[in-house]
Amino acid sequence: MRPYHGSIVIFLLLHIAITGAAVKNGNSYARFVNQFLATQNAARAALRMRPLVWDANLARYAQWYANQRRFDCALRHSDGPYGENIFWGSGTGWSPAQAAAAWVVEKKWYNYWSNSCALGQECGHYTQIVWRQTTRIGCARVTCFGGRGVFMTCNYNPPGNYIGERPY
């Protein structure tokens, strides 16, 4: 018996609608996902770590939270059960690749030997990305109301950034 592929198509269409990542400006959902994944997985590959795998449940959570930030675009964490990186940019032109690159560039401030960031710098976004135990990721992007900018978030499971522990 041949499998019925129509149900797969319906599932994918529902998945795209649920996550809010419908086709925009000619970009497919796969391109959207890859923009978040490529830079983050390149950072992991540089450390010979397994790539993060896209997780639809994490993406739904990220979209749920991003939708809440759509009203104020506040750079606030969800305080949920996952690791989380957040990004805000003014205007509407910010891409997922730019958010991921902003997090990964923090590598320059991270000192593995002291397991700390350079004084006055941020590197926790980077360490979450390269946290050894983290295997899955889901992200979302929204344009905020009233010209407040763009808010993006990625959620990671299992979470990382435990005080006193090295990311890798």
Counting N and O atoms only, with roles assigned by atom type, does the side chain of [X] sit under 3.5 Å from a partner on the main chain of [Y], one being a donor and the other an acceptor?
{"X": "Arg136", "Y": "Leu52", "value": "no"}
{"X": "Arg44", "Y": "Arg50", "value": "yes"}
{"X": "Gln128", "Y": "Gly160", "value": "yes"}
{"X": "Glu106", "Y": "His125", "value": "yes"}
{"X": "Glu122", "Y": "Gly124", "value": "yes"}
{"X": "Gln133", "Y": "Pro159", "value": "no"}
{"X": "Arg141", "Y": "Trp94", "value": "yes"}
{"X": "Tyr112", "Y": "Pro167", "value": "no"}
{"X": "Thr134", "Y": "Pro158", "value": "yes"}
{"X": "Arg148", "Y": "Phe145", "value": "yes"}

Margin query: With side-chain hydrogen bond (donor to acceptor under 3.5 Å, both in side chains) as the criterion, how do Asn161 and Thr127 come out once you've worked through the C-alpha distance, each side chain's angles and the decisive distance to 0.1 Å?
Written below: CA-CA 7 Å; Asn161 283 343; Thr127 55; 2.5 Å; yes
[X] side chain near [Y] side chain, heavy-atom distance below 4.5 Å:
{"X": "Leu75", "Y": "Ile86", "value": "yes"}
{"X": "Asn157", "Y": "Thr135", "value": "no"}
{"X": "Trp54", "Y": "Cys139", "value": "yes"}

Please report the interatomic distance [atom1]([X]) to [atom2]([Y]), rounded to the nearest 0.5 Å.
{"X": "Cys154", "Y": "Trp103", "atom1": "SG", "atom2": "CH2", "value": "4.0 Å"}
{"X": "Cys123", "Y": "Lys107", "atom1": "SG", "atom2": "NZ", "value": "12.5 Å"}
{"X": "Asn85", "Y": "Gln40", "atom1": "CG", "atom2": "CD", "value": "6.5 Å"}
{"X": "Gln35", "Y": "Ser95", "atom1": "CD", "atom2": "OG", "value": "5.0 Å"}
{"X": "Glu84", "Y": "Leu58", "atom1": "CD", "atom2": "CG", "value": "10.5 Å"}
{"X": "Trp88", "Y": "Met152", "atom1": "CH2", "atom2": "CE", "value": "11.5 Å"}

Next item on the list: Starting from the C-alpha separation in whole Å, work towards a yes-or-no answer on side-chain hydrogen bond (donor to acceptor under 3.5 Å, both in side chains) for Asn34 and Arg31.
Entry: CA-CA 5 Å; Asn34 189 54; Arg31 180 174 161 85; over 6 Å; no
Notebook entry, point to check: Side-chain heavy atoms under 4.5 angstrom apart, residues restricted to Ile, Leu, Val, Met, Phe, Trp, Tyr: same cluster for Trp109 and Val104?
Noted result: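 Different clusters: Trp109 never reaches Val104 through Ile, Leu, Val, Met, Phe, Trp or Tyr contacts under 4.5 Å.
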Notebook entry, point to check: In terms of hydrophobic clusters joined by side-chain contacts under 4.5 Å, are Ile129 and Val105 together?
Noted result: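 Result: no, two separate clusters.
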Hey, can you tell me if [X] and [Y] have their rings parallel, tilted or perpendicular (30° and 60° cut-offs)?
{"X": "Trp131", "Y": "Tyr162", "result": "perpendicular"}
{"X": "Phe36", "Y": "Phe32", "result": "perpendicular"}
{"X": "Tyr65", "Y": "Phe151", "result": "perpendicular"}

Next item on the list: Give the minimum heavy-atom separation between Asp55 and Asn57, together with the two atoms involved.
Entry: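 In terms of heavy atoms, the two residues are closest at OD1-N, 2.8 Å.
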Checklist line | Closest non-hydrogen atom pair between Thr153 and Ala62, with its separation | finding: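 In terms of heavy atoms, the two residues are closest at CG2-O, 3.5 Å.
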Margin query: Before you tell me yes or no, could you show the steps for Val150 and Val142 under side-chain contact (heavy atoms from CB on, under 4.5 Å), namely the whole-Å CA-CA distance, both residues' side-chain angles and the distance that decides it to 0.1 Å?
Written below: CA-CA 6 Å; Val150 171; Val142 295; over 6 Å; no
Next item on the list: I would like to know whether Tyr156 and Tyr82 meet ring-ring contact (aromatic ring centres under 6.0 Å, His included); could you show each step before the answer?
Entry: CA-CA 6 Å; Tyr156 304 84; Tyr82 308 114; 9.9 Å; no
Next item on the list: Walk me through it: do Tyr110 and Asn115 pass the test side-chain contact (heavy atoms from CB on, under 4.5 Å)?
Entry: CA-CA 7 Å; Tyr110 178 67; Asn115 192 31; 2.6 Å; yes
